K.L.:
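Before we start, here is the structure in question, set down as structure tokens.
All chains are named by letter (A, B, ...) in the order of the sequence lines, taking the proteins before the strands, and each is independently numbered beginning at 1. Here the structure is a predicted model, which means the values were calculated and not measured.
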There are 2 protein chains.
Amino acid sequence: MIKYQQIAIEIEKYIEDHALQQGDKLPVLETLMTQFQVSKSTITKSLDMLEKKGVVFQVRGSGIFVRRHKRRGYISLLSNQGFKKDLEDFNITSKVIELEVRKPTQEAAYNLNIELDADVYYVKRVRYINGQTLCLEESFYNKSIITYLNNEIVSESIFHYIREGLGIKVGFSDKYLHVDKLKEEEAKYLGLKKGEPGLYDETIFHLTNGQPFDFSKITYNYEQSQFFIQANSHFL
Amino acid sequence: MIKYQQIAIEIEKYIEDHALQQGDKLPVLETLMTQFQVSKSTITKSLDMLEKKGVVFQVRGSGIFVRRHKRRGYISLLSNQGFKKDLEDFNITSKVIELEVRKPTQEAAYNLNIELDADVYYVKRVRYINGQTLCLEESFYNKSIITYLNNEIVSESIFHYIREGLGIKVGFSDKYLHVDKLKEEEAKYLGLKKGEPGLYDETIFHLTNGQPFDFSKITYNYEQSQFFIQANSHFL
DNA sequence: TAGTGGTCTAGACCACTCA
DNA sequence: GAGTGGTCTAGACCACTAT
């Protein structure tokens, strides 16, 4: 494990274990340097990571402080994978509606940057949170990258399998959101009525080398889902 | 201007001026170091910023590549200020419904971390994009920080005034989103019908020292608004 | 003005990609 | 194995905060 990651993890763990609150002060750089026996740059890098993750904020001339948002049960829109992490305390389950190898739709081919006659794994699932319908999900996986899926994998966390089972490193993702009225079929799966609100999420996941491998369309049940995003002003 | 910021700006400008596309390769670190006459760490810092901003992605052993999402007209949920920036090509206007100093609601006091008898500027606006209603916005500004507002300021970009006029540095923000059916009054302002979908955004803006100064509640017209978020996997 | 974080350097060494 | 990005160091100096 890389030093700055390890340190970041330990600092975050320290904050959780001691139940520190927003605004609580962490030890100064000097102290952290000697405590972890690393150079200033390394500590700085750790803290930058934690700042980016929304765990701390640093104030020049003053100190390093804990950042905590006040609301629980919100899904992070930055997690870049399933929402397992944010909702650890909740019971997430899935029902697989469809799983097959097929040709991509035009939209999927475009977003995955593949030909119309390439193969994709098509997965359609309904996901539940504490027994309530959370969302309807349709995913297209580039089969030349995600070479194998089966019903068992797809019933659990697909991303866990991709990462651990296939050893694939996920790079970055582009997420597009909009709100609209539910169509008849979507409403049916979500246990809602046609015309009720739905949050539509389209996300394209890329490998570390920039190649798209997953195009997912998710429709959220508005009654069960709320989201949060922590932003920093560090980029203009 | 700090070196790494300046370099980041220049690289981004280079990408735009040359209309580089997703996957296009930038010069290698060595080249950038000599070109900008700075050390490796400085270039690295610039590139890390651009990576965080979703402008490039770096692949170890391979190179530095341009990252571009394909869709235009989406509002970035990370911009941490008005959406002026993303929608530069669009004509954003505002109609001020209400502007006054008052006592905060319980909710506003909680989120701004102030007493119920403190003073806040209350601003209610409808915002338009190309003449269509984009959103209804209610904001509470801690008056001990945002000491003065008037009708003219509030008709324009409030954040521009806060930054330039008051010289206040914005630190970070916590944004919470959910979807629901519009209430009668909200629908009226947005030119929609009661019960139609609405996207509700609550954001708390903080100073660089962590103090909240703005609590804003925005209801978006679902017909006019779409959003995007670029995520990196650099934090686990 | 003391304390604290931010920027920058020069250079060593490591880890991954790709031909 | 050559090329390229990532990690880490030790130390100088700068900029902001608090008192």
K.L.:
Can you see if the side chain of Gln58(A) gets near the phosphate of dT4(C) - specifically, an N or O under 4.0 Å from OP1 or OP2?
P.N.:
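Answer is no, no contact under 4.0 Å.
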K.L.:
Using a 6.0 Å distance limit plus a 45 degree cone around the ring axis, check whether Arg71(B) lies over the aromatic ring of Tyr176(A).
P.N.:
yes
K.L.:
OP1 or OP2 of dG6(C) less than 4.0 angstrom from a side-chain nitrogen or oxygen of Lys3(B), does that happen here?
P.N.:
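The answer is no; no side-chain N or O of Lys3(B) sits under 4.0 Å from OP1 or OP2.
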K.L.:
Do Asp48(A) and Lys52(B) meet the salt-bridge criterion of a basic N to acidic O distance under 4.0 Å?
P.N.:
no
K.L.:
For each nucleotide in nucleotides 11-19 of chain C, reading 5' to 3', give B when a protein heavy atom comes within less than 4.0 Å of its base, S when such contact involves only the sugar-phosphate, and - otherwise.
P.N.:
---BBBBS-
K.L.:
Can you give each donor-acceptor pair under 3.5 Å made by side-chain atoms of residues 21-33 of chain A, sequence neighbours left out, with the distance rounded to 0.1 Å?
P.N.:
residue: Gln21(A); atom: NE2; partner: Ala19(A); partner atom: O; Å: 3.0
residue: Gln22(A); atom: OE1; partner: Arg68(A); partner atom: N; Å: 2.7
residue: Asp24(A); atom: OD2; partner: Gln21(A); partner atom: N; Å: 2.8

K.L.:
Only counting residues at least two apart or in another chain, list the ones meeting salt bridge (charged side-chain N to carboxylate O under 4.0 Å, His left out) with Asp117(B).
P.N.:
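In terms of salt bridge (charged side-chain N to carboxylate O under 4.0 Å, His left out), with neighbours along the sequence ignored, Asp117(B) is linked to no residue.
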K.L.:
Is there a side-chain contact between Tyr4(A) and the phosphate of dC8(D), meaning an N or O under 4.0 Å from OP1 or OP2?
P.N.:
no
K.L.:
If you compare every side-chain N and O of Thr42(B) against the phosphate oxygens of dT9(C) (OP1, OP2), does one of them come in below 4.0 Å?
P.N.:
yes
K.L.:
When you measure from the centre of the six-membered ring of Tyr110(B), is the NZ or CZ of Lys70(A) closer than 6.0 Å and no more than 45° off the axis?
P.N.:
yes
K.L.:
Taking CD1 from Ile43(A) and P from dT7(D), how many angstroms apart are they, rounded to a whole number?
P.N.:
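To the nearest whole Å, that distance equals 15 Å.
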K.L.:
Which is true for Ile64(A) with a 4.0 Å heavy-atom rule: it touches a base, it touches only sugar-phosphate, or it touches nothing?
P.N.:
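Touches sugar-phosphate only.
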K.L.:
Tell me which of Glu30(B) and Val38(A) sits closer to the 5' end of DNA chain D, going by the nucleotide each one is nearest to.
P.N.:
Glu30(B)
